[in-house]
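Below is one structure, written out as structure tokens; the observations come after it.
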Amino acid sequence: MQKTSIEDLSKEELNNKIVLIRVDFNVPFENGIITDDSRIKAALPTLEYLLQQGSRCVIASHLGRPKGKKDPSLSLAPIASHLSTLIKQDVFMCNDSIGNQIKETIKKQNDTKLFLLENVRFYEEEENNNETFAKELASLADIFVQDAFGTAHRAHASTAGIANYLPAYAGLLVKKELTFLQGVFDQPEKPLLAIVGGAKVSTKIGVLNHLLDTVDYLVIGGGMAFTFLKAQGYAIGKSLCEDDKCDLALALLDKALTLNKSILLPLDLVVSTAIDDTDSSYIVDAQNIPENTMGLDVGPQTIEAIESLIKLSKTVLWNGPLGVFEVEAFSKGTCEVAKQLATSNAITIIGGGDSVAAVHKVNQAKFMSHISTGGGACLEYLEGKELPGIACLKEKETV
Ligand code: AMP
């Protein structure tokens with residue numbers, strides 16, 4: 001079921017309305033300076049759209065982990081001035097996120113179009129999804145807009161509870177996330193390939209299981225591939241392995257057989273005696289890893305096989321690196337896949353976390369169809385879980 005976005009509303013529904021927008025301005029700081037403002041930039045299309053429609057915007061976000069206490073070092077004030085520069089408009093920085101004084105200020109300052117509330121996590125009621133706190137937030141506005149995909153998997157007062165008291169719609173960032181991620185499960189352009197890597201089976205088994213129902217091809221790489229190899233009886237040396245997950249791995253392989261889906265596990269690997277032993281790495285057959293070594297990246301044969309699958313596919317979803325990509329010597333598989341996706345004609349969706357970092361590392365981000373802004377939220381969506389911050393939005397009426 002599709003969610004209603006602000007683009008589905010008429011100008012009258014937004015004009016002169018006070019809109020509370022939940023964004024994710026949880027940006028990194030170093031010595032008081034914002035070191036990466038991409039999350040602020042990601043919210044601009046929604047804010048600009050609402051301003052064009054004549055709305056007055058009250059923006060809410062969390063920053064860091066103040067644990068329910070007012071912590072001046074986690075104030076959103078520096079973000080207000082940065083946002084003001086980016087959007088070329090004044091942004092009024094509120095000294096609180098709820099209360100009569102804030103309500104009065106928003107009501108009286110009719111000419112001010114953008115207000116930024118103080119860090120909502122200064123109140124423990126935020127993360128407890130406290131009803132009174134959610135009602136207080138809701139009382140500041142006429143409409144709620146969800147644009148914080150990165151926190152949509154949390155049932156907090158400003159991400160979900162507030163929707164009990166206001167009509168709630170998706171912002172443009174959330175709309176884009178849902179269009180692409182929903183598109184993987186909802187009539188995707190086929191063939192559909194999912195490439196899943198990362199360290200552990202335990203954190204990805206839900207994703208693998210859910211994806212297997214919809215994909216045509218599934219590539220399993222990264223550290224978790226070794227649990228699959230071991231489960232099939234192959235020697236994995238000192239490679240990462242979750243012995244207690246071998247049964248789950250076998251069950252997934254069985255499920256693939258039943259569904260007639262093809263799973264590609266590493267065919268060859270770059271191994272070494274340790275992650276910091278980058279000088280003595282070499283390539284081995286994935287079904288015969290020497291006892292004193294660990295698999296740290298996929299080998300050239302595997303990269304070639306993945307490339308062939310990418311060429312065959314019309315939609316590709318990628319989540320998780322195929323090796324220890326943080327170390328140059330073991331980054332080739334991950335970087336090559338990022339480059340292949342960049343030149344592919346398929347719809348390419350980069351599903352959060354380290355694969356996003358990898359795509360940026362090789363400067364290929366601009367060539368992807370979609371790069372998810374949510375790490376945990378994206379993973380939960382791919383597992384088929386309902387995200388509270390999305391579930392609470394109004395469903396689109398079908399004619
Ligand atoms: P995840 O957060 O589950 O996506 O895992 C990402 C982490 O998996 C990265 O820090 C990688 O270094 C790590 N990783 C990928 N491949 C391997 C491998 N073969 N052995 C150990 N760690 C790996």
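For the numbers below, each heavy atom of this structure counts, side chains included, while hydrogens, waters and symmetry mates do not. Start at 1 and go down the list; that is how both ligands and their atoms are numbered.
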Legend entry - N/O separation below 3.5 Å, G320 to ligand 1: no

Legend entry - Check ion pair K67-E126 (N to O, under 4.0 angstrom): no

Inset, instruction - Using distance alone, with no hydrogens and no angle criterion, decide if D147 and T46 have a side-chain donor and acceptor under 3.5 Å apart. - result: yes

Legend entry - Contacting atoms of ligand 1, where contact means under 4.0 angstrom from a heavy atom of F226: 19 (N)

Legend entry - salt bridge (charged side-chain N to carboxylate O under 4.0 Å, His left out) partners of D243, counting only residues at least two apart: K230

Legend entry - N or O contact, D297 vs ligand 1, cut-off under 3.5 Å: no

Legend entry - Heteroatom distance test (K200, ligand 1): nitrogen or oxygen, under 3.5 angstrom: no

Legend entry - Results of side-chain contact (heavy atoms from CB on, under 4.5 Å) for D276 - residues two or more places apart only: A274

Legend entry - Ligand-side contact atoms (ligand 1) for residue partner G295, heavy atom cut-off under 4.0 Å: 18 (C), 19 (N), 20 (N)

Inset, instruction - Examine ligand 1 and decide if any of its atoms is less than 4.0 Å from a heavy atom belonging to M294. - result: no

Inset, instruction - Mind telling me whether Y123 and F133 have parallel, tilted or perpendicular rings, with 30° and 60° as the class edges? - result: tilted

Inset, instruction - Answer with side chain, backbone, both or neither: which part of D354 has a heavy atom less than 4.0 angstrom from an atom of ligand 1? - result: side chain

